[in-house]
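Shown next, in structure tokens, is the structure this report addresses.
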Amino acid sequence: MFSLAHRFREPPLSQRPSVTELEVHDIRFPTSEQLDGSDAMNPDPDYSAAYVVLRTDAGEGTAASEGHGFVFTIGRGNDVTAAAIRSLRPHVVGRPAPLTATELAALHRELTHDSQLRWLGPEKGVMHMAAGAVVNAAWDLAARQAGKPLWQFLAEMSPEELVELVDFRYLSDALTPEEALAILRAAEPGRAERAALLRERGYPAYTTSPGWLGYSDEKMIKLAQEAVADGFGQIKLKVGADLDEDLRRMRLAREAVGPDVRIAVDANQRWDVAEAVRWMSALAPYDPHWIEEPTSPDDVLAHAAIRAGQPVKVATGEHVANRVVFKQLLQAEAVDFVQIDAARVAGVNENLTILLLAAKYGLPVCPHAGGVGLCELVQHLAMFDYVAVSGSWEDRVIEYVDHLHEHFADPAVVESGRYRAPTAPGFSARMYPESIAAYRYPDGPEWRTRLTRSVPAPPVPAQPVAAPSAPARPQEDHQ
């Protein structure tokens with residue numbers, strides 16, 4: 001039952017679970033072998049997760065006693081991210097499990113505002129993503145304790161509780177607490193109806209599965225046609241390596257799906273401004289729906305120049321480091337579509353902030369979800385946005401990539417081109433223990449086999465060559 005009267009009630013101290021362990025795993029999948037995920041800047045990704053489990057003493061060994069989260073990477077460096085997560089252990093282990101809005105807000109601020117760790121960013125990069133993994137695991141734990149999927153758990157909070165979760169530092173010139181509260185209160189009356197519609201119809205999706213740059217023409221065409229047959233109204237192609245090749249592939253894709261299916265394109269940060277303008281002007285006759293990540297994710301002014309210099313709409317956000325850069329992109333009118341990522345910024349709290357910024361500026365949010373586990377996570381954020389923030393799914397779609405869902409206990413489900421609303425408690429982040437064991441790097445059996453094959457046999461040592469004998473020295477006469 002969807003209830004607007006929902007409020008957190010803190011259990012008595014004697015019943016409060018405590019966090020007893022923060023467990024971290026380096027998990028990698030060898031997706032580079034099939035070129036899954038390949039693009040102009042990342043030709044050989046191995047989809048990976050620096051994976052964290054928060055364990056508590058509440059019903060130890062049960063799903064409700066654990067919280068799961070992760071940082072998505074593409075292989076090398078996953079061990080660095082895992083180490084960053086481990087460095088946060090003293091902030092978490094031994095404290096009461098954060099279950100209320102106040103406690104989850106406090107945890108987010110403590111992890112992102114540790115002065116010595118924050119110095120490594122500040123509030124960006126590996127340390128910030130590590131904080132996000134722990135924050136997301138805490139949200140998974142809290143939603144499991146409440147017995148609700150995260151989207152519903154969030155959407156049943158009051159506007160006041162939601163505003164409490166936001167860190168407004170550096171945002172007051174674009175979004176104040178009063179403005180955020182007004183946005184949330186304006187959406188509050190229709191929450192129950194939208195939640196019911198979401199459960200009935202699901203949330204619109206698009207797929208990138210046909211579009212990886214390493215795929216052959218035949219595979220791309222086959223997968224694009226299958227996507228349309230499966231009900232997707234939008235697909236995405238990777239571009240940016242060679243203009244002539246992109247023109248040819250775009251023509252083939254357009255012929256394969258027809259004029260009514262949207263085709264977005266993604267350059268994965270490949271270009272400077274002039275090159276992006278030239279490239280997209282050339283692709284424009286094939287009606288791209290957007291150009292994603294045309295240049296550096298940090299370059300706000302370049303995005304604005306690209307948006308003004310060619311006819312295709314601009315989308316970005318999967319590599320945007322924090323709420324401040326999102327704020328600037330919106331203030332500079334540099335984007336048409338905001339793309340949040342569940343594991344790039346500091347977790348649920350910061351993504352809530354970005355959703356509120358997008359609502360303030362009236363732009364649709366179309367989350368990034370390429371990579372292991374990202375579909376599972378970000379569906380909750382988009383659905384919460386629909387129910388409790390923007391109140392709309394017009395021009396909004398969640399990315400879907402059909403890889404590695406079988407490793408998750410509560411995998412994302414897409415039917416007829418729409419995400420089904422999750423019903424299982426939590427953030428859908430929990431991987432099967434068998435998958436963690438099999439793909440743990442470098443000692444899991446899937447990697448032991450591969451690494452053994454890749455290590456060349458030691459060379460046979462050459463037989464030593466005898467040194468020539470030194471001429472005999474004449475004996476000295478000591479007489």
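In this chain, residues are counted from 1 in sequence order.
- In the model, E123 has no side-chain atom that pairs as donor or acceptor with a side-chain atom of T112 under 3.5 Å.
- When only modelled atom types and interatomic distance are considered, D341 and H319 share no side-chain donor-acceptor pair under 3.5 Å.
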_For D395 and K313: C-alpha separation, side-chain torsions, deciding distance, then whether salt bridge (Lys or Arg N to Asp or Glu O under 4.0 Å) applies._
CA-CA 12 Å; D395 270 344; K313 292 180 178 180; 5.2 Å; no
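- The one candidate from E293, E292, E318 that meets the side chain to side chain donor-acceptor pair (under 3.5 Å) condition with Q269 is E293.
- The neighbour count for E333 CD, taken as heavy atoms of other residues, nucleotides or ligands under 6.0 Å away, does not exceed 12.
- Using a 4.5 Å heavy-atom threshold, the side chains of H68 and E23 count as separate.
- In this structure, K124 and D298 have side chains that are not in contact, with every pair of non-hydrogen atoms separated by 4.5 Å or more.
- R28 has no carboxylate O lying under 4.0 Å from a charged side-chain N of D46, or vice versa, which leaves the two without a salt bridge.
- The six-membered or imidazole ring of H380 lies away from that of F153, with a centre-to-centre distance of 6.0 Å or more.
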*Report the C-alpha separation of F337 and W290 in whole Å, then their side-chain angles, then the decisive distance to 0.1 Å, and conclude whether the ring-ring contact (aromatic ring centres under 6.0 Å, His included) test is met.*
CA-CA 8 Å; F337 299 95; W290 70 53; 5.0 Å; yes
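- Using a 3.5 Å distance cut-off with no hydrogens or angles, the side chains of D402 and S209 do not pair a donor with an acceptor.
- Between N349 and W139, the side chains place a donor N or O and an acceptor N or O closer than 3.5 Å (distance only, hydrogens not considered).
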*side chain to side chain donor-acceptor pair (under 3.5 Å) evaluation trace for T102 with E164*: CA-CA 7 Å; T102 298; E164 185 179 9; 2.7 Å; yes
*Going through the checks in order, is the side chain to side chain donor-acceptor pair (under 3.5 Å) test met by N322 and H128?*
CA-CA 9 Å; N322 55 43; H128 201 55; 5.6 Å; no
*Start with the C-alpha distance between M383 and Y203, add both sets of side-chain angles, then the distance that settles side chain to side chain contact (heavy atoms under 4.5 Å, CB included), and finish with yes or no.*
CA-CA 7 Å; M383 292 175 186; Y203 196 101; 4.0 Å; yes
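- You'll find the side chain of R323 reaches within 4.5 Å of the side chain of Y170, heavy atoms only.
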*asked:* Working note: E350 + D167, criterion side chain to side chain contact (heavy atoms under 4.5 Å, CB included); need CA distance, chi angles, decisive distance, verdict.
replied: CA-CA 7 Å; E350 193 162 19; D167 183 354; over 6 Å; no
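- When atom types are taken as modelled, the side chain of R262 and the backbone of Q234 share no donor-acceptor pair closer than 3.5 angstrom.
- Side-chain contact check for S48 versus Y439: every heavy-atom pair is 4.5 Å or farther apart.
- Under a 4.0 Å N-O distance rule, the pair R248/E245 qualifies as a salt bridge.
- The pair D336-R307 counts as a salt bridge, with a side-chain nitrogen and a carboxylate oxygen less than 4.0 angstrom apart.
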*Check the pair L197, E193 against side chain to side chain contact (heavy atoms under 4.5 Å, CB included), reporting the backbone distance first and the verdict last.*
CA-CA 6 Å; L197 189 60; E193 291 78 10; over 6 Å; no
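- We find that R249 and D242 are not joined by a salt bridge, their nearest charged nitrogen and carboxylate oxygen being 4.0 Å or further apart.
- Aromatic ring centroids of H407 and F29 lie under 6.0 Å apart.
- Inspection of the T208 and E399 side chains reveals an N or O donor paired with an N or O acceptor under 3.5 Å.
- The ring of Y432 has its center no closer than 6.0 angstrom to the ring center of F408.
- Donor-acceptor pairing under 3.5 Å is recorded for the side chains of D173 and Q331.
- Residues D410 and F427 are not in side-chain contact: their nearest non-hydrogen atoms beyond the backbone lie 4.5 Å or more apart.
- Counting only distance, with no hydrogens or angles, the side chain of R344 and the backbone of V320 share no donor-acceptor pair below 3.5 Å.
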*Check against salt bridge (Lys or Arg N to Asp or Glu O under 4.0 Å), D26 and R440*: CA-CA 6 Å; D26 180 345; R440 189 168 46 232; over 6 Å; no
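- When only modelled atom types and interatomic distance are considered, D114 and H91 share a side-chain donor-acceptor pair under 3.5 Å.
- Taking 4.5 Å as the limit, some side-chain heavy atom of L237 sits within range of a side-chain heavy atom of M250.
- Sparse packing is recorded around CG of L301, with 12 or fewer heavy atoms of other residues, nucleotides or ligands lying under 6.0 Å away.
- Of the possible donor and acceptor atoms, one in the side chain of T295 sits under 3.5 Å from a partner among the backbone N and O of W271.
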*Quick one: do K360 and E179 satisfy salt bridge (Lys or Arg N to Asp or Glu O under 4.0 Å)? Show the steps, please.*
CA-CA 8 Å; K360 162 73 183 295; E179 289 173 322; 3.4 Å; yes
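- Side-chain atoms of P204 and R396, non-hydrogen and from C-beta on, never get closer than 4.5 Å to each other.
- At most 12 non-hydrogen atoms from other residues, nucleotides or ligands lie less than 6.0 angstrom from NZ of K222.
- In this pair, F232 and Y400 present their aromatic rings parallel. The plane angle is below 30°, not in the 30 to 60° band.
- Side-chain atoms of L184 and L356, non-hydrogen and from C-beta on, do get closer than 4.5 Å to each other.
- At least one donor-acceptor pair under 3.5 Å links the side chain of N136 to the backbone N or O of V348.
- Distance alone, capped at 3.5 Å, is enough to place a donor-acceptor pair between the E103 side chain and the T100 backbone.
- Taking the centre of each ring, Y441 and W447 come in below the 6.0 Å mark.
- Within a 6.0 Å radius of CD in E394, other residues, nucleotides and ligands contribute 12 heavy atoms or fewer.
- Ring pair Y386/W393 is parallel by interplanar angle, where below 30° counts as parallel and above 60° as perpendicular.
- Distance alone, capped at 3.5 Å, is enough to place a donor-acceptor pair between the T31 side chain and the Y47 backbone.
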